[in-house]
Enquirer: 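First the structure, which I've put down as structure tokens, then a few questions once you've had a look.
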Amino acid sequence: MEQIKDYINTHKDRFINELIDLLKIPSISADSAFSEDVLKTAETVQQSLMDAGCDNTEICETKGYPVVYGEKIIDSNLPTILVYGHYDVQPPDPMELWESPPFEPVIKETELHPNGAIFARGACDDKGQFFMHVKAVEFMIKNDQLPCNVKFMIEGEEEVGSDSLADFLNDHKEKLDNDIILISDTGMVANDIPSITTGLRGLSYVEVEVTGPNRDLHSGIYGGAVPNPINVLSKMIASLHDENNHITIPGFYDKVEELTDAERAEMAEAPFDLEAYKQALDIGDVYGEKGYRTPERYSIRPTLDVNGIWGGYTGEGAKTVIASKAFAKISMRLVPDQDPDEITELFTKHFESIAPAGVKVKVNPHHGGLPYVTRTNSVGYQAAAKAYETTFGKKPVPERTGGSIPIVALFEEVLGSKTILMGFGLDSDAIHSPNEHFGVWNFLKGIETIPFFYKYYTELTKG
């Protein structure tokens, strides 16, 4: 494995250029206008797996966008690592906030990335991160240092809820059989503070619709006499939190895992600079549930947030109208042991119950996912920790994060496999936002570190 640094130094320009070519393709799964680009990206990913040395690659059809599969099986008696990633990306809106076009990648130096960062949609989430695995496996295969079997499953619908994945997993259990799953779709504390994500929050996502009068009305003639759906919806949403920012849905916290004081104290050992956090976001103060630190609020506590709200006239100028309908999209991040289906049901029942008599309410569930926790005493975690310690020169910090990767819990349910989350991005990399980027150093450091996971995981499982 010591040859990995030389291999990276020799091929780093090619690695970066290949990633840039991948980032140029606008694989936006949420917008059907880009369906041909999504399919083109799948073909590009398949070619990259072939070039890396996989013996068998396929573009596997699903009811939605395809899954790209690849494998290198060297010995059936050795462990098998399944690498998961996604080649689809978020829409780039709002376009006017991008400093450079989202699908015309550029490399720029930043304060946190003095060696440069690649600015493009998908740079960190998740094209840059899954591509690290492709290049790491390329090194191991080309240099005859692959210590175990490897399989790739790179999907094209993660950003729209992975709707096709459950059927795909159930239909291809034998093909996907593995000992552990490796994912890089998370981040780390800082470039000098490596960390391993040990917890993910689950998700319940709904869209609500409030209907008042049977048509839009003149606000002068009818204002004050009929229910205004936008006003009503605003009040209903405001009532979902109390004065301590505690969620008011009955039963919402019934199954929430409460960490012990010792566990919370261990979490507090991870570095966190509150002033730097506020400064980076340009906010005057933080906000959240009373009684918890900021890192706890976005990791071990459930939340409810409005992700979009609309209704009435929003064009240029004025239009004095009481809209017939108002809408909002609401996401609830969940923690162990909350179930997304139960939470969606609780939300629906409560939201309908608080609606005044003059309006009708409809709740449309979207996608969801279960929370997930990786134990630090597992073989997979220990192998990952040794890999980070080898390349960073220090032990990584276990960290629970606020994001959701619903497929992780599904993997364990269908395939019976645990997942290790080895992310190399930073919180400041602006995933899902304008000016998303991924540090060149981080990209190359991931390629350097990943082969050591293969080495240590094989050694620990054999020993």
Enquirer: Pick out which of Met332, Glu342, Glu352 makes a side-chain contact (heavy atoms from CB on, under 4.5 Å) with Phe347.
Expert: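 Checked Met332, Glu342, Glu352 against Phe347; only one passes side-chain contact (heavy atoms from CB on, under 4.5 Å): Met332.
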Enquirer: Quick one, Ser299 and Glu399 - any side-chain contact, counting heavy atoms below 4.5 Å?
Expert: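 Side chain of Ser299 against side chain of Glu399, heavy atoms only: no contact under 4.5 Å found.
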Enquirer: As a quick check of understanding, evaluate side-chain contact (heavy atoms from CB on, under 4.5 Å) for Met422 and Phe453, giving each step before the final call.
Expert: CA-CA 10 Å; Met422 294 179 66; Phe453 175 83; 3.9 Å; yes
Enquirer: Please say whether more than 12 non-hydrogen atoms of neighbouring residues, nucleotides or ligands are located less than 6.0 Å from CG in Asp427.
Expert: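 At most 12 heavy atoms, drawn from other residues, nucleotides or ligands, come within 6.0 Å of this atom.
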Enquirer: When Glu157 is tested against each of Ser164, Ser162, Ser29 for side-chain hydrogen bond (donor to acceptor under 3.5 Å, both in side chains), which residue passes?
Expert: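 Single pass found, and it is Ser164.
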Enquirer: Calculate, to the nearest 0.5 Å, the distance between atoms CZ and CG belonging to Phe131 and Asp126 respectively.
Expert: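 Reported to 0.5 Å precision, the distance equals 12.5 Å.
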Enquirer: To the nearest 0.5 Å, what is the distance between CD1 on Ile447 and CZ on Phe15?
Expert: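 So the gap between those two atoms works out to 5.0 Å.
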Enquirer: Distance only, no hydrogens: is a donor on one side chain within 3.5 Å (strictly under) of an acceptor on the other, for Tyr65 and Asp88?
Expert: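 Result is no, nothing qualifies.
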Enquirer: Answer yes or no: is there a side-chain heavy-atom contact under 4.5 Å between Val256 and Ile300?
Expert: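 Val256 vs Ile300: side chains apart.
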Enquirer: Applying ring pair (Phe, Tyr, Trp, His ring centres under 6.0 Å), which residue pairs with at least one partner in residues 248-267 are found, sequence neighbours left out?
Expert: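 Sorted result for residues 248-267: His246-Tyr253.
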Enquirer: Supply the atom-to-atom distance Glu412 CD to Thr374 OG1, rounded to the nearest 0.5 angstrom.
Expert: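 Separation between the atoms: 8.5 Å.
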Enquirer: Answer yes or no: is there an ion pair linking Glu296 with Arg201, defined by an N-O contact shorter than 4.0 Å?
Expert: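 No, no charged N to carboxylate O under 4.0 Å.
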Enquirer: Would you mind checking if Lys394 and Glu389 are paired as a salt bridge, meaning a charged N to carboxylate O distance below 4.0 Å?
Expert: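 The answer is no: the pair does not qualify as a salt bridge.
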Enquirer: Can you name the residues that form a side-chain hydrogen bond (donor to acceptor under 3.5 Å, both in side chains) with Lys349, not counting sequence neighbours?
Expert: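 Counting only residues at least two positions away or on another chain, Lys349 forms no side-chain hydrogen bond (donor to acceptor under 3.5 Å, both in side chains).
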Enquirer: Could you check if a side-chain atom of Ile107 sits within less than 4.5 angstrom of a side-chain atom of Ile16, using non-hydrogen atoms only?
Expert: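 The answer is yes; the side chains approach within 4.5 Å.
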Enquirer: Working to the nearest 0.5 angstrom, can you tell me the gap between Asp254 CG and Asp337 CG?
Expert: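 Between atom CG of Asp254 and atom CG of Asp337 there are 12.0 Å.
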Enquirer: Can you tell if the side chain of Asp177 reaches within under 4.5 Å of the side chain of Thr80, non-hydrogen atoms only?
Expert: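 Heavy-atom side-chain distance check fails, nothing below 4.5 Å.
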Enquirer: Could you verify whether a donor N or O on one side chain and an acceptor N or O on the other, from Lys360 and Thr211, lie under 3.5 Å apart?
Expert: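 Checked: Lys360/Thr211 side chains show no N/O donor-acceptor pair below 3.5 Å.
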Enquirer: Do you know which two heavy atoms are closest between Gly312 and Ile230, and how far apart they sit?
Expert: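 Scanning both residues, the minimum pair turns out to be N-CD1, 3.8 Å.
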Enquirer: Check Glu436 with Arg121, please: is the shortest side-chain N to carboxylate O separation under 4.0 Å?
Expert: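 Yes.
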Enquirer: Under 6.0 Å from the CD atom of Glu345, do we count more than 12 heavy atoms belonging to anything else shown?
Expert: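 No - once you tally the heavy atoms of other residues, nucleotides and ligands closer than 6.0 Å, there are 12 at most.
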Enquirer: Do the side-chain N and O atoms of Asp125 and His432 include a donor-acceptor pair separated by under 3.5 angstrom?
Expert: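 Their side chains do contain a donor-acceptor pair, which is all the 3.5 Å distance test asks for.
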Enquirer: Could you check Ile247 against Leu240 for side-chain contact (heavy atoms from CB on, under 4.5 Å), going step by step and ending with a plain yes or no?
Expert: CA-CA 6 Å; Ile247 296 164; Leu240 295 175; 5.6 Å; no
Enquirer: Inspect the surroundings of CD in Glu266 and state if more than 12 heavy atoms from other residues, nucleotides or ligands are less than 6.0 Å away.
Expert: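 Counting other residues, nucleotides and ligands, CD of Glu266 stays at 12 neighbours or fewer.
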Enquirer: Any side-chain donor paired with an acceptor under 3.5 Å for Asn178 and Ser417?
Expert: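 Result is yes, a qualifying pair exists.
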Enquirer: What residues, two or more places apart in sequence or in another chain, satisfy ring-ring contact (aromatic ring centres under 6.0 Å, His included) together with Phe392?
Expert: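 In terms of ring-ring contact (aromatic ring centres under 6.0 Å, His included), with neighbours along the sequence ignored, Phe392 is linked to Tyr388, Trp441.
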Enquirer: Between atom OG1 of Thr419 and atom CD1 of Ile407, what is the distance when rounded to the nearest 0.5 Å?
Expert: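 Output value for this atom pair is 9.0 Å.
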Enquirer: Can Tyr454 and Gln145 be counted as having a side-chain donor-acceptor contact under 3.5 angstrom?
Expert: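 On atom types as modelled, these side chains do not qualify, holding no pair under 3.5 Å.
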Enquirer: Is it true that, when you exclude Glu111 itself, more than 12 heavy atoms of the residues, nucleotides or ligands shown sit nearer than 6.0 Å to its CD?
Expert: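 At most 12 heavy atoms, drawn from other residues, nucleotides or ligands, come within 6.0 Å of this atom.
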Enquirer: Which pair of non-hydrogen atoms, one from Asn115 and one from Val440, has the smallest distance, and what is that distance?
Expert: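 Nearest pair, atom of Asn115 first, then Val440: O-CB, 4.1 Å.
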Enquirer: With sequence neighbours left out, write down each residue that passes ring-ring contact (aromatic ring centres under 6.0 Å, His included) with His172, or none if nothing qualifies.
Expert: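 Phe168.
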Enquirer: Would Glu448 and Lys12 pass as an ion pair if we require N to O under 4.0 Å?
Expert: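 No.
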Enquirer: Are more than 12 heavy atoms from other residues, nucleotides or ligands located less than 6.0 Å from atom CD of Glu258?
Expert: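 Yes, enclosed.
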Enquirer: Which heavy atom of Val397 sits nearest a heavy atom of Ala270, and at what distance?
Expert: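 Minimum heavy-atom contact is CG1-CB, 3.8 Å.
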Enquirer: Please determine if Lys63 and Asp167 form a salt bridge, counting it only when a charged side-chain N lies under 4.0 Å from a carboxylate O.
Expert: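 Counted as a salt bridge, because a side-chain N and a carboxylate O are separated by less than 4.0 Å.
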Enquirer: Measure across Ser428 and Leu112 and return the closest heavy-atom pair with its distance rounded to 0.1 Å.
Expert: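 Looks like OG-CD1, 3.1 Å.
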Enquirer: Heavy-atom distance under 4.5 Å between the side chains of Leu176 and Tyr69, does that happen here?
Expert: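 Side chain of Leu176 against side chain of Tyr69, heavy atoms only: contact under 4.5 Å found.
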Enquirer: Can we say Lys135 and Glu18 salt-bridge, meaning some charged N sits less than 4.0 Å from an Asp/Glu carboxylate O?
Expert: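 Yes, charged N to carboxylate O under 4.0 Å.
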Enquirer: Check whether more than 12 heavy atoms from other residues, nucleotides or ligands sit under 6.0 Å from atom NZ of Lys278, and answer yes or no.
Expert: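 More than 12 heavy atoms, drawn from other residues, nucleotides or ligands, come within 6.0 Å of this atom.
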Enquirer: Taking only residues two or more places apart in sequence or in another chain, which ones pass side-chain hydrogen bond (donor to acceptor under 3.5 Å, both in side chains) with Tyr456?
Expert: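 Partners of Tyr456 under the side-chain hydrogen bond (donor to acceptor under 3.5 Å, both in side chains) test: Thr390.
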Enquirer: Given Asp305 and Ile330, is the side-chain contact (heavy atoms from CB on, under 4.5 Å) satisfied, shown in steps?
Expert: CA-CA 6 Å; Asp305 286 290; Ile330 297 173; over 6 Å; no
Enquirer: Could you tell me whether Asp261 atom CG has more than 12 heavy atoms of other residues or ligands within 6.0 Å of it?
Expert: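 No, CG of Asp261 has 12 or fewer neighbouring heavy atoms, counting only those of other groups under 6.0 Å.
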Enquirer: Take Asn244 and Glu289, measure what side-chain contact (heavy atoms from CB on, under 4.5 Å) needs, and give me the verdict at the end.
Expert: CA-CA 6 Å; Asn244 295 318; Glu289 186 180 0; over 6 Å; no
Enquirer: Please tell me whether Thr344 and Ser204 have a donor and an acceptor in their side chains that are separated by less than 3.5 angstrom.
Expert: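 Side chains of Thr344 and Ser204: pair found under 3.5 Å.
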Enquirer: List for me each residue that meets side-chain hydrogen bond (donor to acceptor under 3.5 Å, both in side chains) alongside Lys151, sequence neighbours excluded, and say none if there are none.
Expert: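 By the side-chain hydrogen bond (donor to acceptor under 3.5 Å, both in side chains) rule, Lys151 matches no residue at all.
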Enquirer: Name the residue from His113, His437, Glu99 that meets the side-chain hydrogen bond (donor to acceptor under 3.5 Å, both in side chains) definition with Lys108.
Expert: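 Only one option passes, and that is Glu99.
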Enquirer: Distance check, rounded to the nearest 0.5 Å: Leu200 atom CG versus Tyr372 atom OH?
Expert: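 Rounded to the nearest 0.5 Å, the CG-OH separation comes to 9.0 Å.
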Enquirer: Do the non-hydrogen side-chain atoms of Pro250 and His350 ever get within less than 4.5 Å of each other?
Expert: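 Result yes, sub-4.5 Å side-chain heavy-atom pair found.
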Enquirer: May I have the step-by-step check of ring pair (Phe, Tyr, Trp, His ring centres under 6.0 Å) for Phe152 and Tyr84, ending in yes or no?
Expert: CA-CA 6 Å; Phe152 286 89; Tyr84 165 83; over 10 Å; no
Enquirer: Can you name the nearest heavy-atom pair linking Ala328 to Ile237, along with the distance?
Expert: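 Looking at all heavy atoms of both residues, the closest pair is CB-CD1, 3.9 Å.
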Enquirer: Could you tell me which non-hydrogen atom of Leu426 sits nearest to which non-hydrogen atom of Ala190, and how far apart they are?
Expert: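 In this case the closest contact between Leu426 and Ala190 is CD2-CA, 3.8 Å.
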